[in-house]
Amino acid sequence: MIHEGIGARVLRKEDRRFLTGRGEFVADLAIPGALHGVLVRSPHAHARIRAIDAAGATGTVAVLSGADMATDGIGPMRSIWTIRSKDGRPMAEPPRWALARGRVRHVGEPVALVLAETRGAAIDAAERVAVDYEPLPAVIAARDALADGAPQVHPEAPGNVCFRWSRGDEQAVAKAFAGAAHRVVLDLVNQRIAGCAIEPRAAIGVPGADPDSLTLYSSTQVPHFTRRLVAEQLGLPELAIRVIAPDVGGGFGYKGKHYPEETIMAWAARRLRRPVAWVAGRTESFVSDNQARDHVTRCELALDAGGRFLALRVDTIANLGAYVSSVGAAIPSAIYTALLAGLYTTPAIYAEVTGVFTTTVATDAYRGAGRPEACFVLERLADEAARRLGLDRVEIRRRNLIPPEAMPYKTPIGPTYDCGDFPGILARALEVSDYAGFEARRKRAADRGLARGIGIACFIESSGVAPSKLAGALGARVGLFESAEIRVDWTGAVQAALGTHSHGQGHETTFAQVLASRLGVRLSKVRIIEGDTASVPYGTGTFGSRSMAVGGSALDRASVKIIDKGRRIAAHRLEASEADVEFTAGHFAVKGTDRTLAFEDVARAANTAHDLPPGLEPGLQESAFYDPANFAFSNGAHVCEVEVDPETGIVRIAGYWAVDDIGTVINPTIVEGQLHGAVTQGLGQALWEACVYDAAGQLLSASFLDYALPRADALPDFVSENDETQPCTHNPLGAKGCGEAGTIAAPVAVVNAVLDALRPLGVADIAMPLTPQRVWEAIRRSRK
Ligand code: MCN
């Protein structure tokens, strides 16, 4: 039989559709009678709304505002994760209205919805809606927002503080620092970046025939969460709403959150009893899609005389933007701090995070979500410590890596890693990147007038998000389990519905591969359904590199139930006892005999019910829910080599090598693609990308002319390898997540490489993005 199952390098099934232009995205949907919606958005970062005058907006069907939403009793948008400050008080949760009520708090905040029969008419009319604003002072940087006398963003959050979170053992850390031989301190900025999927967000509300039912199409990664949150705000039962996320052109975490436009379109459709459609423009996306990162951190590492890490202290100010987005509070607190042990044996860790409101777009998850920030802290500190102690950067890591024999390893900051060979992975990364030969390459580059550097980043990731009980204890308002339902038709063809959502990850292929392995069916006979709450009984969605580790595990469990039922049928038909029937490669066989029954035959028997064991229900359809016992701790070591031209400041990536442990690899080709994309986004943060606001809160980088994404000609050929010797110990596939790994390691691998190149020139620090101008100025400054 052709190997198409787990581990096979099969091409993506969905690409036939995508490459021939037959993908169907929200904006492609032709909904008869749909009105075109255009949002009037705030041009001010902070202002009171005195009045909205739509008299000049002719040619519209309706112009709706926050006041109309209030009249209809539409509730506020709520985050799905609330945390408590270290003094036990709940975080500040000022109301966020889908359409502003009384005040706007960032450029781009929706103020009114203009509906017209054509998009052109809606755009024209939106320009003629006169909003009388009373501008208020803006505050952009989180540190500024904490200063005395700073403009106050919400009356409910005095001093602009949302939360002051802490984690770890403060006393133990203080004690370790007091006795330490060395102390290394760094002040780091992890700049704000944007998601930039190819497809801008879009939403269409369609009223149902029954006045209380509604369909919402949305370019979301999380249809079921969206259904719940929109239903909550509209005061409807969850099951009254059907959410459909058809093909989605990239999500990168930021489409995994609930947005005002989803509520607005659902509400407007119900109010007008007509379908209402909205599609974001690119600049509109920049000022309304969640942004990410934006940390200012002081971090300190205590070491003994031998270079062993004794304690880590981290103090981060996280810019939440104007509102707490769906998971906006959890990313810089619970999720970021959980990984501050990294791959190291540091015995004492203490972290404080202050979440701060500013008059900027909200921040939330973007590929990596909290883990790149943690990795950045640790790997910058490791390099700095090596430099201070005069140790090799590899050697200092080797002295501190958690050894495989210490697994399972309980970190002092919370998580317990189940498995991993961190020293082995680092050794392999050094081998594939020919780390030993680097100095010769550095010398050759110097002969050409170029500064060459090499950087290492060891990372760990809490993928497979997440054990529901733990998430609940940390403040989640939702469970994070997953579900899968398998239906087998009478020909033996298989359809599986999962609560995850593919927006570029290739789920139609990889989940089919799992079923090919488990049920022995051909890939061509498997159909995967995601993204429709009417077809998928329940789900959590795709984020946190969870789909295979959690959704795939639900699928595995459901397939076990299918086989169990099939075995009963086969035993009956083969006149054997159930215990004697085994299932391999698509056949039920009586052990030790040549009596077999193909999966297809069992499927036919189940679906005709002409001769089933007494009492057995007809049909072959099973579902399973899976709640992971722990996170799946993907990990790896990445090496980056750069060449810097000191005359121009241009950084060229000369090589990038990644050795990752994502447990069992389902499809090596897809995994490579995931890694390449993720590394590229990490390189983007390191070298080019930044959301830049001016002091008045205008986003200066609100187009692709000003927000620089990586381009293919700036990237090297990536070299990647997977170490499959450490399968995840607590899920049935042994799979760990792979979708975010590259974005976690890459930024700091690049920065460490550039600093390595520039240290001989006297440059000790430089903030991302390492644009030619910044690098050039840093070199010039150090020469003075
Ligand atoms: N896979 C595998 N073997 C494993 C693990 C995963 O073959 N051991 C496969 C999976 O079956 C899936 C893909 O690799 O086809 C990614 O799987 P996984 O790591 O489970 O991640 P998710 O599918 O849950 O995707 C989420 C993750 C995140 S959090 C972001 S952000 C992200 C990403 O994946 N956004 C993406 N990858 C993206 N890729 C594209 N093209 N577009 C995005 O928006």
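All ligand and atom numbering here is 1-based and tracks the order in the structure. Because only heavy atoms are used, hydrogens play no part in the values below, and waters and symmetry mates are left out as well, while side chains stay in.
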By salt bridge (charged side-chain N to carboxylate O under 4.0 Å, His left out), which residues pair with [X], not counting sequence neighbours?
X      : answer
Glu622 : none
Arg167 : none
Arg527 : none

For ligand 1, output the ligand-protein N/O contacts shorter than 3.5 angstrom; if there are none, return none.
{"from": "ligand 1", "atom 1": "3 (N)", "to": "Ile666", "atom 2": "N", "distance (Å)": "3.1"}
{"from": "ligand 1", "atom 1": "7 (O)", "to": "Ile666", "atom 2": "N", "distance (Å)": "3.4"}
{"from": "ligand 1", "atom 1": "7 (O)", "to": "Asn667", "atom 2": "N", "distance (Å)": "3.0"}
{"from": "ligand 1", "atom 1": "8 (N)", "to": "Ile662", "atom 2": "O", "distance (Å)": "3.2"}
{"from": "ligand 1", "atom 1": "8 (N)", "to": "Thr664", "atom 2": "O", "distance (Å)": "2.7"}
{"from": "ligand 1", "atom 1": "8 (N)", "to": "Lys736", "atom 2": "O", "distance (Å)": "3.1"}
{"from": "ligand 1", "atom 1": "11 (O)", "to": "Thr510", "atom 2": "OG1", "distance (Å)": "2.7"}
{"from": "ligand 1", "atom 1": "15 (O)", "to": "Gln505", "atom 2": "O", "distance (Å)": "2.6"}
{"from": "ligand 1", "atom 1": "15 (O)", "to": "Thr510", "atom 2": "OG1", "distance (Å)": "3.0"}
{"from": "ligand 1", "atom 1": "19 (O)", "to": "Cys738", "atom 2": "N", "distance (Å)": "2.6"}
{"from": "ligand 1", "atom 1": "19 (O)", "to": "Gly739", "atom 2": "N", "distance (Å)": "2.9"}
{"from": "ligand 1", "atom 1": "20 (O)", "to": "Ser547", "atom 2": "N", "distance (Å)": "3.3"}
{"from": "ligand 1", "atom 1": "20 (O)", "to": "Met548", "atom 2": "N", "distance (Å)": "3.0"}
{"from": "ligand 1", "atom 1": "23 (O)", "to": "His507", "atom 2": "NE2", "distance (Å)": "2.6"}
{"from": "ligand 1", "atom 1": "23 (O)", "to": "Ser547", "atom 2": "OG", "distance (Å)": "3.2"}
{"from": "ligand 1", "atom 1": "24 (O)", "to": "Arg546", "atom 2": "N", "distance (Å)": "3.1"}
{"from": "ligand 1", "atom 1": "24 (O)", "to": "Ser547", "atom 2": "N", "distance (Å)": "2.9"}
{"from": "ligand 1", "atom 1": "24 (O)", "to": "Ser547", "atom 2": "OG", "distance (Å)": "2.7"}
{"from": "ligand 1", "atom 1": "25 (O)", "to": "Gln505", "atom 2": "NE2", "distance (Å)": "3.2"}
{"from": "ligand 1", "atom 1": "34 (O)", "to": "Gln505", "atom 2": "NE2", "distance (Å)": "3.4"}
{"from": "ligand 1", "atom 1": "37 (N)", "to": "Arg367", "atom 2": "NH2", "distance (Å)": "3.0"}
{"from": "ligand 1", "atom 1": "37 (N)", "to": "Gln674", "atom 2": "OE1", "distance (Å)": "2.7"}
{"from": "ligand 1", "atom 1": "39 (N)", "to": "Gln674", "atom 2": "NE2", "distance (Å)": "3.2"}
{"from": "ligand 1", "atom 1": "41 (N)", "to": "Gly504", "atom 2": "O", "distance (Å)": "3.2"}
{"from": "ligand 1", "atom 1": "42 (N)", "to": "His503", "atom 2": "O", "distance (Å)": "3.4"}
{"from": "ligand 1", "atom 1": "44 (O)", "to": "Gly251", "atom 2": "N", "distance (Å)": "2.6"}
{"from": "ligand 1", "atom 1": "44 (O)", "to": "Phe252", "atom 2": "N", "distance (Å)": "2.8"}

Hey, do the aromatic rings of His295 and Tyr336 have their centres closer than 6.0 Å?
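Centroid separation for His295 and Tyr336: below 6.0 Å.
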Any chance the rings of Phe286 and Phe704 have centres within less than 6.0 Å?
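Yes, the ring of Phe286 comes within the 6.0 Å limit of the ring of Phe704, centre to centre.
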Would you say the side chains of Thr509 and Arg12 form a donor-acceptor pair under 3.5 Å?
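Note: Thr509 and Arg12 side chains miss the donor-acceptor criterion.
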